[in-house]
K.L.:
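This is the structure I want to talk about, given as structure tokens.
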Amino acid sequence: MAGKLVIFSGPFGAGKSTIVKHLRDIDEFALAFSISATSRPKREGEMEGKDYYFMSVDDFRSRIEDNDFIEWEEVYPKQYYGTLKSEITRLTREGNNIIFDVDVVGGSNIKRMNRDKAISVFIKPPSMEVLEERLEQRKTESEESKQKRLKKAKLELTYARRFDHVITNDDLKRATIEAEKLVRDFLTE
Ligand code: 5GP
């Protein structure tokens, strides 16, 4: 079952990273996390080469010029995120399935490029109000960053229909079980 791609997307604060983390811990899925490159500042507790490959805006732009990405997005102004070709080569060579936590544009693009061997799942917050509350509880974001992310989330919700599956995260436990079932079915089909 190696070589399959599992894509999770959705607005910031919808819970996708928690769900992705849960799936990565299931040994039988053999899911290796695609570590993205980003030009956003490192958050407290994040590690280079584990959470992201961190780089400056200039370095990121020069790697775009060099055609080093399978996809990239300027998710927020001057904050680039992208999947390096070298990362996919590395993970594929190691014989893994690959799991992605990417924004909605990146997620739909990776799916489009890999129709048969990919599953794409959109994690939806129950409402904008809940998303706002969840963002409030986060200590990692500045006020400006929260506002940027909320505005962006409204647009991101309109992408849900491009995904194979949509899971509404009104209850994290239930949403996680649903995600696990979808991924198990996909990896064993
Ligand atoms: P964060 O700053 O919270 O880590 O991520 C912000 C957004 O960028 C999230 O929606 C995350 O899924 C997305 N993202 C992370 N890596 C990539 C990537 O390689 N490509 C794209 N298109 N989006 C990414």
Side-chain angles (χ1 to χ4, degrees), residues 5-24 31-57 59-61 63-64 67-92 98-114 118-125 128 131-132 134-160 162-163 166-167 169 175 179:
L5 310 183
V6 175
I7 305 159
F8 276 81
S9 296
F12 177 85
K16 70 184 152 110
S17 302
T18 313
I19 293 172
V20 166
K21 166 135 196 358
H22 170 82
L23 297 172
R24 286 168 65 184
L31 286 170
F33 182 57
S34 166
I35 302 165
S36 299
T38 185
S39 68
R40 81 141 159 77
K42 199 192 273 180
R43 291 186 193 133
E44 209 182 305
E46 285 185 330
M47 275 165 64
E48 165 66 25
K50 179 169 172 282
D51 300 286
Y52 281 107
Y53 301 114
F54 293 95
M55 54 183 77
S56 66
V57 173
D59 284 347
F60 202 106
R61 286 179 179 154
R63 299 205 60 171
I64 295 172
N67 206 16
D68 283 350
F69 292 101
I70 62 162
E71 62 82 31
W72 62 269
E73 289 297 320
E74 190 173 3
V75 177
Y76 306 105
K78 291 238 175 107
Q79 294 194 357
Y80 292 90
Y81 295 80
T83 307
L84 287 161
K85 289 179 182 167
S86 56
E87 177 70 359
I88 302 308
T89 309
R90 177 178 79 83
L91 297 177
T92 311
I98 306 179
I99 187 160
F100 298 83
D101 173 346
V102 291
D103 90 311
V104 295
V105 181
S108 24
N109 285 341
I110 297 170
K111 170 70 191 189
R112 195 165 32 78
M113 292 183 271
N114 299 278
I119 184 175
S120 64
V121 185
F122 187 96
I123 304 294
K124 200 172 160 197
M128 279 307 288
L131 194 67
E132 231 172 308
R134 287 182 188 166
L135 259 171
E136 273 312 312
Q137 285 158 12
R138 294 213 180 187
K139 301 285 174 247
T140 51
E141 301 308 302
S142 65
E143 197 47 44
E144 189 197 345
S145 164
K146 280 182 196 163
Q147 291 313 322
K148 258 193 330 201
R149 283 170 186 258
L150 269 180
K151 199 167 148 214
K152 173 102 178 171
K154 287 190 186 140
L155 175 73
E156 287 173 327
L157 288 174
T158 64
Y159 278 75
R162 300 191 190 188
F163 285 73
V166 177
I167 297 177
N169 180 13

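One-based numbering, in listed order, for ligands and for the atoms of each.
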K.L.:
Would the distance check show the side chain of Lys85 and the main-chain N or O of Asn67 forming a donor-acceptor pair, the cut-off being under 3.5 Å?
P.N.:
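Present.
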K.L.:
Of the side chain and backbone of Glu87, name the one, both, or neither that has a heavy atom under 4.0 Å from an atom of ligand 1.
P.N.:
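The answer is neither.
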K.L.:
Any heavy atom of Glu156 sitting closer than 4.0 Å to ligand 1?
P.N.:
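No, that is not the case, since the closest heavy atom of the residue is not under 4.0 Å from the ligand.
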K.L.:
If we only count heavy atoms from C-beta on, is the Val102 to Glu71 side-chain gap below 4.5 Å?
P.N.:
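They are in side-chain contact.
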K.L.:
Among all protein heavy atoms, pick out the one at the shortest distance from atom 22 (N) of ligand 1; state its residue, atom name and that distance to 0.1 Å.
P.N.:
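For atom 22 (N) of ligand 1, the nearest protein heavy atom comes out as Asp103 OD1, 2.6 Å.
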K.L.:
Mind checking whether Phe54 and Arg40 have side chains closer than 4.5 Å, heavy atoms only?
P.N.:
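The answer is yes, as the side chains (C-beta and beyond) meet within the 4.5 Å cut-off.
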K.L.:
Nearest non-hydrogen atom to atom 20 (N) of ligand 1 belongs to which of Glu46, Lys16, Glu71, Glu73?
P.N.:
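Comparing heavy atoms across Glu46, Lys16, Glu71, Glu73, the nearest one to atom 20 (N) of ligand 1 lies in Glu71.
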K.L.:
Can you tell me which residue and heavy atom of the protein come closest to atom 5 (O) of ligand 1, and the distance to 0.1 Å?
P.N.:
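Its nearest protein heavy-atom neighbour is Tyr52 OH, 3.4 Å.
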K.L.:
Find out whether Lys146 and Glu143 are in side-chain contact, i.e. whether some heavy atom of one side chain is under 4.5 Å from a heavy atom of the other.
P.N.:
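Counting from C-beta outward, Lys146 and Glu143 do come under 4.5 Å.
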K.L.:
Starting at CD of Glu74, measure out to CZ of Arg61 and round the result to the nearest 0.5 Å.
P.N.:
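Here the rounded value is 6.5 Å.
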K.L.:
Provide the number and element of each atom of ligand 1 under 4.0 Å from a heavy atom of Gly82.
P.N.:
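Selected atoms, number and element: 18 (C), 19 (O), 20 (N).
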K.L.:
Quick one: does Val105 get within less than 4.0 Å of ligand 1, heavy atoms only?
P.N.:
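Not so, Val105 does not reach ligand 1.
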K.L.:
Please confirm whether the backbone N or O of Ile123 pairs with a side-chain atom of Asn169, one donor and one acceptor, at under 3.5 Å?
P.N.:
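Absent.
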K.L.:
For atom 16 (N) of ligand 1, what's the nearest protein heavy-atom neighbour? Residue, atom name and distance, please.
P.N.:
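Looking only at protein heavy atoms, the one closest to atom 16 (N) of ligand 1 is Ser36 OG, 2.9 Å.
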K.L.:
At a 4.0 Å threshold, what atoms of ligand 1 neighbour a non-hydrogen atom of Arg40?
P.N.:
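Near Arg40, the atoms of ligand 1 are 1 (P), 2 (O), 4 (O).
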K.L.:
Are the side chains of Arg63 and Trp72 in touch, meaning some heavy atoms are under 4.5 Å apart?
P.N.:
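When only atoms from C-beta onward are counted, Trp72 and Arg63 do not touch, as no gap falls below 4.5 Å.
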K.L.:
Please could you name the atoms of ligand 1 that Gly106 approaches to less than 4.0 Å, counting only its heavy atoms?
P.N.:
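Those atoms are 22 (N).
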K.L.:
Looking at Phe60, Tyr53, Tyr80, which hits ring-ring contact (aromatic ring centres under 6.0 Å, His included) with Phe69?
P.N.:
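That would be Phe60.
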K.L.:
With atom 6 (C) of ligand 1 as the reference point, say which of Trp72, Phe12, Tyr81 has the nearest heavy atom.
P.N.:
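Residue with the shortest heavy-atom distance to the ligand atom: Tyr81.
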K.L.:
Decide whether the shortest distance between a heavy atom of Gln79 and an atom of ligand 1 is less than 4.0 Å.
P.N.:
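It does not; every heavy atom stays at 4.0 Å or beyond.
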